[in-house]
There are 2 protein chains.
Amino acid sequence: MKFFSEQPVTAADKTFIQLRQDIVEGEIPSGAKLSETELSTRYAVSRAIIREAINRLASCHIVERKANVGARVVSLSTDGLIELYQVRESLEGMAARLAAKNMTTSEIDDLNLLLNSHFDEVKGGESYYQEAGDVDFHYRIILGSKNKHLISMLVNGIYHLVRMYRVQLGMAGPRVTTAFDEHKHIVQAISNRDEELAEILMRRHIMYSKHNIEQNLAQSRERVK
Amino acid sequence: MKFFSEQPVTAADKTFIQLRQDIVEGEIPSGAKLSETELSTRYAVSRAIIREAINRLASCHIVERKANVGARVVSLSTDGLIELYQVRESLEGMAARLAAKNMTTSEIDDLNLLLNSHFDEVKGGESYYQEAGDVDFHYRIILGSKNKHLISMLVNGIYHLVRMYRVQLGMAGPRVTTAFDEHKHIVQAISNRDEELAEILMRRHIMYSKHNIEQNLAQSRERVK
DNA sequence: TATGGCTATATTGTCGACAATCTAATGTAA
DNA sequence: TTACATTAGATTGTCGACAATATAGCCATA
């Protein structure tokens with residue numbers, strides 16, 4: 001289910017989305033230099049289009065641009081990931097609080113339905129839940145906050161970076177059933193319109209996820225040795 | 001004292017900063033249409049430069065752009081201001097938490113010095129504190145978080161919008177001495193490395209400020225009647 | 001009179017060429 | 001050999017012109 005079917009209308013839109021995908025999926029590796037002329041031949045558009053796409057990527061913090069020098073894909077690091085999750089904790093915590101306040105009852109009903117379908121999947125051992133299901137759940141709450149800034153920052157900014165880390169550092173994480181329980185409690189708090197608790201639980205949920213990732217990274221570093 | 005002396009190097013940089021200032025200060029009124037050709041003559045640069053500037057303003061949420069239609073300056077509203085302060089509360093709360101963790105002792109000493117100089121000003125009845133002083137204080141804590149994303153979102157994004165509201169809705173607010181005490185307690189928590197308390201106090205500080213503004217707006221609406 | 005389609009005009013989107021700037025290679029002097 | 005200056009090459013920044021799209025006004029028709 002797609003919420004933000006960000007309709008690309010101009011060529012710059014399409015190139016931006018394509019380029020972002022290629023970076024997030026690692027086809028263009030992190031740390032790589034982005035040559036405008038090279039990309040313009042690669043994507044068969046003019047340099048102006050590429051420049052606009054790169055500018056947009058820069059405002060999502062997916063690339064870093066220096067004047068008269070050029071743009072590079074951000075390089076991933078443990079520190080960077082932690083910083084990202086600190087922002088997520090802060091913003092999504094507030095999103096959960098606002099969702100408890102602002103979501104309509106029918107939206108909350110839908111959320112419960114989603115949760116039930118996830119329960120069936122988890123019980124059935126499907127791995128679908130890990131990726132799309134989790135994102136789906138978080139998106140609903142973010143949109144439920146009804147706060148334009150919050151939504152834009154998370155959906156257009158943070159989440160693509162999170163996905164980039166997830167894909168490129170290969171963070172799958174078992175945590176499926178655990179996370180499901182956490183989701184359940186968050187929805188419960190939202191159903192009860194308990195803003196305080198919704199925020200606290202969401203923040204914990206993201207903190208746990210962060211710890212899990214840090215642990216995994218530490219382990220994979222061990223394995224390399 | 002300037003922290004982020006964002007050095008404009010290209011013509012697009014300069015035009016972006018100029019245009020942003022003209023919008024924030026209300027010279028270009030909120031809600032106005034931004035004609036590319038008109039602006040290009042006004043600022044004596046090519047349309048490409050203007051386009052880049054507008055794109056950057058769009059990613060700060062200062063203008064809204066629609067494909068094949070154009071860009072408009074955002075229109076200010078009470079709801080918009082409240083949404084903005086919700087994000088501020090969330091992000092600056094986290095900034096204070098991280099500042100308590102990550103600021104160096106010498107940075108904390110500087111912050112105490114700043115507070116003392118503010119105390120003298122408040123005692124002397126200077127109104128300086130309200131504007132620049134307050135911003136200065138908040139900036140130090142934001143930068144003290146050492147979190148790139150947090151810093152960029154607040155300094156490049158939120159704060160210009162906040163200033164736009166402040167200037168155009170003429171929000172001065174008395175709150176000087178009260179706010180000073182709040183600042184003092186926040187610094188105290190940071191000095192004690194009490195992350196939890198630093199976050200709570202900062203969030204309260206911003207909430208109070210929000211309530212104060214809402215009250216002022218309600219009053220000025222009464223006066224109009 | 002109201003509505004629906006068409007055209008004219010203005011505005012935005014895209015392009016290729018030129019100018020300004022950085023970077024790396026070469027050469028020179030201490 | 002090292003350090004610095006110079007220069008050639010490549011890359012980014014800027015521009016004006018053209019193409020594609022939307023808006024407003026006009027005319028025809030019910």
Side-chain angles (χ1 to χ4, degrees), chain A residues 5-23 27-75 152 156, chain B residues 5-23 27-75 152 156:
Chain A
S5 45
E6 47 179 2
Q7 280 295 43
V9 4
T10 72
D13 292 340
K14 289 168 200 153
T15 308
F16 163 63
I17 291 175
Q18 183 65 47
L19 187 54
R20 184 180 62 191
Q21 181 177 329
D22 290 347
I23 290 173
E27 194 157 324
I28 298 173
S30 78
K33 172 109 199 296
L34 293 178
S35 160
E36 294 182 359
T37 50
E38 186 194 322
L39 291 175
S40 82
T41 61
R42 172 168 178 172
Y43 293 100
V45 289
S46 77
R47 254 188 67 221
I49 304 288
I50 296 290
R51 274 179 73 78
E52 184 169 336
I54 289 179
N55 278 333
R56 289 200 217 171
L57 289 170
S59 58
C60 312
H61 301 270
I62 289 176
V63 311
E64 286 169 338
R65 146 163 271 169
K66 261 195 276 187
N68 287 314
V69 174
R72 309 193 79 88
V73 178
V74 291
S75 33
S152 168
N156 299 322
Chain B
S5 44
E6 48 179 2
Q7 277 297 43
V9 5
T10 73
D13 292 340
K14 288 167 199 155
T15 307
F16 163 63
I17 291 176
Q18 184 66 48
L19 187 55
R20 184 180 62 192
Q21 181 178 330
D22 290 347
I23 290 173
E27 194 157 323
I28 297 173
S30 79
K33 172 109 201 295
L34 292 179
S35 160
E36 294 183 358
T37 50
E38 187 194 321
L39 290 175
S40 83
T41 60
R42 172 169 177 169
Y43 292 101
V45 289
S46 79
R47 252 187 69 221
I49 303 287
I50 295 291
R51 275 180 72 79
E52 183 169 338
I54 289 179
N55 278 334
R56 289 201 218 171
L57 288 170
S59 59
C60 309
H61 302 267
I62 289 177
V63 311
E64 286 169 339
R65 144 164 274 169
K66 261 196 276 187
N68 287 315
V69 175
R72 308 193 79 88
V73 178
V74 292
S75 33
S152 168
N156 301 321

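Residue numbers begin at 1 in each chain, while the letters A, B, ... track the order of the sequences.
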Taking every heavy atom of B:V9 against every heavy atom of B:K14, the minimum-distance pair comes out as O-NZ, 3.9 Å
How close or far is atom C1' of D:dT12 from atom CD of A:E52, stated in whole angstroms?
17 Å
Report which part of the nucleic acid B:A48 touches: base, sugar-phosphate, or nothing (heavy-atom distance under 4.0 Å, all strands).
base
Rounded to the Å, how far apart are A:R51 CZ and C:dC15 C1'?
14 Å
Can a donor-acceptor pair be found, under 3.5 Å and without considering hydrogens, that links the side chain of B:R47 to the backbone of B:T37?
no
What are the two closest non-hydrogen atoms of A:P8 and A:I17, and how far apart are they?
CB-CD1, 3.9 Å
Side-chain touch A:V45/A:Q18, heavy atoms, less than 4.5 angstrom:
no
Looking only at heavy atoms, what is the nearest atom pair of B:S30 and B:V74, with distance?
CB-O, 3.2 Å
Got a list of protein N/O to nucleotides 5-10 of chain D N/O distances below 3.5 Å?
none

Report, one line per pair, each donor and acceptor closer than 3.5 Å where one atom sits in a side chain of residues 55-64 of chain A; sequence neighbours left out.
residue, atom, partner, partner atom, Å
A:N55, OD1, A:R65, NH1, 2.3
A:N55, ND2, A:R51, O, 3.4
A:R56, NH1, A:D13, OD1, 2.9
A:R56, NH2, A:D13, OD1, 2.8
A:R56, NH2, A:E52, OE2, 3.0
A:S59, OG, A:R56, O, 2.8
A:H61, NE2, B:S152, OG, 3.3

Rounded to whole angstrom units, what separation is found between the CG atom of B:D13 and the C1' atom of D:dG13?
10 Å
Have a look at A:L34 and say if it touches a base, only the backbone sugar-phosphate, or nothing, with a 4.0 Å heavy-atom cut-off.
sugar-phosphate
Rounding to an integer number of Å, can you tell me how far A:I50 CD1 sits from D:dT12 P?
11 Å
For A:I49 versus A:A12, what's the shortest heavy-atom pair and its separation?
CG2-CA, 3.7 Å
Looking at every non-hydrogen atom in both residues, tell me the closest pair between B:A71 and B:I54 and how far apart they are.
CB-CG2, 3.7 Å
What I'd like to find out is whether the side chain of B:I28 reaches to under 4.5 Å of the side chain of B:L19, using heavy atoms alone.
yes
Can you tell me which nucleotide in D:dT11, C:dT11, C:dG13 comes closest to the side chain of A:K33?
D:dT11
Identify, residue by residue, the members of residues 55-74 of chain B with a heavy atom below 4.0 Å from DNA chain C, and return them in order of residue number, or none.
B:R65, B:A67, B:N68, B:V69, B:G70
Nearest to the side chain of A:E36, heavy atoms from C-beta on, is which of D:dC15, C:dT14, D:dG13?
D:dG13
Among D:dT14, C:dC15, C:dT14, which nucleotide has an atom closest to any side-chain atom of A:V45?
C:dC15
Closest of C:dC15, D:dC15, C:dG13 to the B:R47 side chain is C:dG13
